[in-house]
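Throughout, protein chains are lettered first and strands after them, A, B, ... in sequence-line order, and every chain is numbered starting at 1.
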Amino acid sequence: MPELPEVQTVVNHIRGDLVGKNIVGIIPLWGKSLHNFKPNDLSIKNKKNRILDVRRRAKFIIIDLGDFIIAVHLRMTGKLYIQKGSSIPKYARAIIKLENSKDLIFDDIRKFGRIYLYKNLTEIDSKHGPEPLGKEFTHEWLYDNLKKKNRNLKALLLDQSFIAGLGNIYVDEILWESGIHPNSISSTISKTKVSLLHNSIQNILKKAINNHGTTFMSFTFLNGRSGNYSNELKIFGKQGEPCKTCGELIKKIKVAGRGTHICSTCQKKYRPGKK
DNA sequence: CCATGAACCTGGTCGC
DNA sequence: TGCGACCAGGTTCATG
């Protein structure tokens with residue numbers, strides 16, 4: 001499910017219910033869900049684990065407890081929400097018990113999602129590039145850093161150590177809007193095009209956040225509430241349909257091992273020796 | 001340095 | 001209706 005806008009949506013949705021509450025325990029229902037700690041590591045003596053803040057870094061949901069953080073990564077099918085009724089959901093993989101509150105449920109059909117316990121953000125920061133909506137991410141930064149690599153463009157944009165938060169849906173949307181073929185080589189893209197690419201990254205992410213992210217195929221999150229950005233998608237999942245700009249039929253190909261949607265008329269391929 | 005494919009998992013969809 | 005093949009919004013690791 002989640003790329004940056006979806007993770008941000010989850011954070012926005014649960015933050016109000018969590019900040020100020022105390023975590024009194026965590027119960028794994030699928031052992032591997034707790035990646036680097038045991039439930040006891042959390043319940044340090046009688047000390048209460050008060051949630052000071054809930055925020056996002058890259059695709060992680062960060063639950064800030066002051067002395068340490070709980071970082072939740074939803075991977076493909078994870079969800080994080082306050083429990084509704086009293087029965088444990090079918091795909092619940094961990095339960096975070098809150099004092100005087102309904103539990104926080106970590107739900108994940110495919111069991112890829114993970115919960116981490118860290119002292120602070122250092123570990124996560126060290127493996128991630130800048131936030132695309134942060135002030136470090138400028139036109140110049142993008143141009144300079146694309147230049148430094150000779151990578152397949154889509155693969156590079158999906159690489160979290162290069163830039164954090166982008167995933168398969170939004171990369172396809174971004175590359176279509178900026179008119180660049182995903183199989184371009186990063187170092188060969190013109191400065192003007194990189195500028196368009198930068199604008200698309202920020203505009204599409206912001207718009208998706210405003211629309212509470214993308215959900216499709218009745219795959220909802222947020223306790224059944226779903227995001228509306230699916231209505232805004234221009235190319236992802238639109239194979240066989242006409243391109244909204246030129247009418248050419250949209251194709252689905254494989255790039256960097258991922259299903260990739262392109263308009264071969266509108267998206268120019270930048271490669272060494274060409275312009 | 002870079003690309004590729006497998007692995008981790010379960011469920012939905014499509015074609016026959 | 002059944003069944004197998006294939007696909008899935010992510011990440012990591014081994015291999016060439």
Exercise for the section: Check every strand shown and say whether Gly259(A) touches a base, only sugar-phosphate, or nothing at a heavy-atom separation below 4.0 Å. Expected result: sugar-phosphate
Practice task
Assess the pair His198(A) and Phe137(A): is the distance between their ring centroids shorter than 6.0 Å?
Solution key: yes
Handout entry: Phosphate contact (dG10(C) OP1 or OP2) by Gln160(A) side-chain N/O below 4.0 Å
Key = no
Exercise for the section: Examine dG10(C): is either OP1 or OP2 under 4.0 Å from a nitrogen or oxygen in the side chain of Arg110(A)? Give yes or no. Expected result: no
Practice task
Check whether any side-chain N or O of Lys111(A) sits under 4.0 Å from OP1 or OP2 of dG11(B), and answer yes or no.
Solution key: no
Completion exercise
Winner on side-chain proximity to Lys59(A), out of dT11(C), dG11(B), dC2(B), is dT11(C)
Practice task
Answer yes or no: does a side-chain N or O of Arg75(A) lie under 4.0 Å from OP1 or OP2 of dC8(B)?
Solution key: no
Practice task
Could you measure between the two P atoms, the one in dC6(C) and the one in dG5(B), and give it in whole Å?
Solution key: 15 Å
Handout entry: Distance below 4.0 Å between Arg258(A) side-chain N/O and dG10(C) OP1 or OP2
Key = yes
Problem - Distance in angstrom units between Arg114(A) CZ and dC9(B) P, rounded - result: 7 Å
Handout entry: Any donor-acceptor pair under 3.5 Å from Gln202(A) side chain to Pro132(A) backbone
Key = yes
Problem - Any Lys32(A) side-chain nitrogen or oxygen under 4.0 Å from OP1 or OP2 of dC8(B) - result: no
Practice task
Verify the contact: side-chain N or O of His73(A) to OP1 or OP2 of dT11(C), cut-off strictly under 4.0 Å; return yes or no.
Solution key: yes
Problem - Lys251(A) atom NZ, neighbour heavy-atom count above 12 within 6.0 Å - result: no
Completion exercise
The dot-bracket string of DNA chain B, counting Watson-Crick and G-U wobble pairs with both distances under 3.5 Å, using [ ] for crossing pairs and | for pairs to another strand, is .|||||||.|||||||
Exercise for the section: Tell me what Asn152(A) touches on the nucleic acid: a base, only sugar-phosphate, or nothing, going by heavy atoms under 4.0 Å. Expected result: sugar-phosphate
Exercise for the section: Pick base, sugar-phosphate or nothing for Gly167(A), based on heavy-atom distances below 4.0 Å to the nucleic acid. Expected result: sugar-phosphate
Practice task
Using a cut-off of 6.0 Å, state whether more than 12 heavy atoms not belonging to Lys234(A) lie near its atom NZ.
Solution key: yes
Practice task
Could you give the distance separating dG12(B) and dT11(C) at their C1' atoms, to the nearest angstrom?
Solution key: 22 Å
Handout entry: Rounded interatomic separation in angstrom, taking CZ from Phe236(A) and P from dA8(C)
Key = 8 Å
Problem - Interatomic distance, Arg93(A) CZ vs dG10(C) P [rounded to whole Å] - result: 19 Å
Practice task
Quote, to the nearest angstrom, the P distance that separates dC3(C) from dC8(B).
Solution key: 26 Å
Problem - Close aromatic pair by centroid cut-off 6.0 Å: Phe236(A) and Tyr229(A) - result: no
Exercise for the section: Ignoring backbone atoms, test whether Tyr91(A) places a side-chain nitrogen or oxygen under 4.0 Å from the OP1 or OP2 oxygen of dG11(B). Expected result: yes
Handout entry: Stacked pair Phe112(A)-dC8(B), distance under 5.5 Å, angle under 30°
Key = yes
Practice task
With P as the reference atom in both, quote the distance from dC14(B) to dG9(C) in angstrom, rounded to an integer.
Solution key: 16 Å
Practice task
Using atom CD1 of Ile253(A) as one end and atom P of dC7(C) as the other, report the distance to the nearest whole Å.
Solution key: 14 Å
Practice task
Return yes if a side-chain donor-acceptor contact under 3.5 Å exists between Ser195(A) and His139(A), otherwise no.
Solution key: yes
Handout entry: Flag, side chain of Arg56(A) to backbone of Ala58(A), donor-acceptor distance under 3.5 Å
Key = yes
Exercise for the section: Find which nucleotide of DNA chain C each of Thr260(A) and Tyr116(A) is nearest to by heavy atoms, and output the residue with the more 5' nucleotide. Expected result: Thr260(A)
Problem - Lys254(A) side chain near dC7(C) phosphate (N/O to OP1/OP2, under 4.0 Å) - result: no
Problem - Donor-acceptor contact below 3.5 Å, side chain His261(A) vs main chain Gly237(A) - result: yes
